[in-house]
Amino acid sequence: MSKGNSTKITDELYQYMLDHNPPLDAVQRGLVARTYATFPDVAGMQSAEEQGPLLAFLVRLTGARHIVEVGTFTGFSALSMAQALPPDGRLIACDVSEEWTAYGREAWEEAGVADRIELRIAPALETLRAMPAEPHIDMAYVDADKESQISYWEELVPRLRPGGLIVTDNTLFHGTVLDASATGSAAGVRAFNDHVTADPRMDSVLLAISDGLTLSRKR
């Protein structure tokens with residue numbers, strides 16, 4: 001079996017890629033820096049730098065006006081998507097941490113998009129189940145606890161409009177998806193990937209972007 005392009009992503013090539021992508025603005029750059037300075041042990045939960053412009057691109061590409069984010073952390077991904085929304089667009093951000101999301105609130109205000117983001121501090125499944133049952137979501141970004149990914153998926157898919165998009169992060173999970181005896185989060189990601197591949201309601205592709213990114217479009 002051929003794996004196709006085998007380009008190795010060196011630090012220099014990664015920087016070249018960033019240099020040829022839309023640059024982060026001052027607010028985004030400041031939020032990324034504050035996250036790494038304040039939460040160095042868990043800063044890896046922040047979406048990769050190249051994912052901010054990609055998420056914004058997908059918002060514009062789909063014409064999304066109603067976005068749901070599951071897992072907000074310090075708010076970089078929500079900021080990137082909200083900046084791409086039209087002024088009357090809305091993003092519901094789901095998280096359980098007031099501490100982490102406080103940094104996001106500050107950045108959203110600074111960027112002038114706080115009125116587009118509704119932060120709901122509660123278990124995400126509770127927030128999703130309280131939403132209208134009919135299809136109304138244009139795009140969702142899922143980057144939260146991996147053991148619950150299938151549950152998030154099953155709440156989101158029926159609420160997604162036809163042609164709507166679900167973007168799921170960490171679907172390669174540092175390569176541990178290859179381990180059939182994986183437990184915990186790695187096992188959750190493995191089960192999720194199999195679940196998504198078998199779902200006849202959606203068309204999905206798993207891409208080797210950052211730690212793995214799956215794009216799923218509702219049929």
Contact check, side chains of Ser77 and Gln51, non-hydrogen atoms, under 4.5 Å: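 No. Closest side-chain heavy atoms not under 4.5 Å.
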Step by step, work out the side chain to side chain contact (heavy atoms under 4.5 Å, CB included) result for Ile137 and Glu134. CA-CA 9 Å; Ile137 298 170; Glu134 67 272 8; over 6 Å; no
Compare all side-chain heavy atoms of Met17 with those of Ile9 and state whether any distance is below 4.5 angstrom.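 The answer is no; the side chains never approach within 4.5 Å.
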Under a 3.5 Å threshold, yes or no: a donor from one side chain and an acceptor from the other, between Thr168 and Tyr152?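 Note: Thr168 and Tyr152 side chains miss the donor-acceptor criterion.
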Considering all heavy atoms of both residues, which atom of Ile67 and which atom of Ala64 are nearest to each other, and what is their separation?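 Smallest interatomic distance, heavy atoms only, reads CG1-CB, 4.1 Å.
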Short side-chain to backbone donor-acceptor contact, Asp211 and His174, under 3.5 Å: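 Checked: pair present.
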Does Val68 reach the side chain of Met131, with side-chain heavy atoms less than 4.5 Å apart?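 Val68 vs Met131: side chains touch.
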Is it possible for you to say whether Val167 and Val142 belong to one hydrophobic cluster, with membership spreading through side-chain heavy-atom contacts below 4.5 Å?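 Each belongs to a different hydrophobic cluster.
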Provide the closest heavy-atom pair for Ser204 versus Ser216 in the form atom of the first, atom of the second, distance.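 Minimum heavy-atom separation between Ser204 and Ser216: OG-OG, 2.8 Å.
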Do Leu55 and Met139 touch side chain to side chain, with heavy atoms closer than 4.5 Å?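 Leu55 reaches Met139 side chain to side chain.
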Between Tyr14 and Glu50, is any pair of side-chain heavy atoms under 4.5 Å apart?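 In contact.
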Once salt bridge (Lys or Arg N to Asp or Glu O under 4.0 Å) is applied, what residue pairs with a partner in residues 156-171 remain, sequence neighbours excluded?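 For residues 156-171: Asp138-Arg161, Glu155-Arg159.
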For Leu85 versus Arg116, what's the shortest heavy-atom pair and its separation?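 Looking at all heavy atoms of both residues, the closest pair is O-NH1, 2.9 Å.
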Any non-hydrogen side-chain atom of Glu49 less than 4.5 Å from a side-chain atom of Leu18?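 Of all side-chain heavy-atom pairs linking Leu18 with Glu49, at least one is under 4.5 Å.
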Can His66 and Ile92 be said to form a side chain to side chain contact (heavy atoms under 4.5 Å, CB included), step by step? CA-CA 8 Å; His66 185 183; Ile92 296 176; 3.9 Å; yes
For residues 176-191, dump all side-chain donor-acceptor pairs below 3.5 Å to protein atoms at least two apart in sequence or in another chain.
residue, atom, partner, partner atom, Å
Thr176, OG1, Phe173, O, 2.6
Asp179, OD1, Ser181, N, 2.9
Asp179, OD1, Ser181, OG, 2.7
Arg190, NE, Asp179, O, 3.4
Arg190, NH1, Val177, O, 2.5

Taking C-beta and beyond as the side chain, do Thr74 and Thr38 meet within less than 4.5 Å on heavy atoms?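 No, every pair of side-chain atoms sits at 4.5 Å or beyond.
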Which heavy atom of Ala93 sits nearest a heavy atom of Thr72, and at what distance?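 Heavy-atom minimum between the residues: CB-OG1, 3.3 Å.
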Of all the heavy-atom pairs spanning Pro200 and Arg219, show the shortest one and how long it is.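 Scanning both residues, the minimum pair turns out to be O-NH1, 2.8 Å.
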Check: Thr101 side chain, Gly104 main-chain N or O, donor-acceptor pair, under 3.5 Å: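 The answer is no, because no donor-acceptor pair under 3.5 Å joins these two groups.
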Indicate whether the side chain of Gln15 and that of Asp11 have a donor and an acceptor atom separated by less than 3.5 Å.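 No.
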Have Gln28 and Ser80 got a donor and an acceptor in their side chains that come within less than 3.5 Å?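 There is such a pair (donor and acceptor under 3.5 Å, judged by atom type) between the side chains of Gln28 and Ser80.
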Using a distance-only test with no angle check, is there a side-chain donor-acceptor pair under 3.5 angstrom linking Gln149 and His195?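 Side-chain D/A pair, Gln149 to His195: absent.
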Shortest non-hydrogen contact between Ala122 and Val96, atoms and distance: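 Nearest heavy atoms, Ala122 then Val96: O-CG1, 3.5 Å.
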Does some side-chain heavy atom of Leu24 sit less than 4.5 Å from a side-chain heavy atom of Pro53?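 SC-SC contact between Pro53 and Leu24 confirmed.
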Which residue is it: Tyr103, Trp100, Tyr141, Tyr36? I am looking for the one with a ring pair (Phe, Tyr, Trp, His ring centres under 6.0 Å) to Phe73.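 Going through the options one by one, the only one that passes is Trp100.
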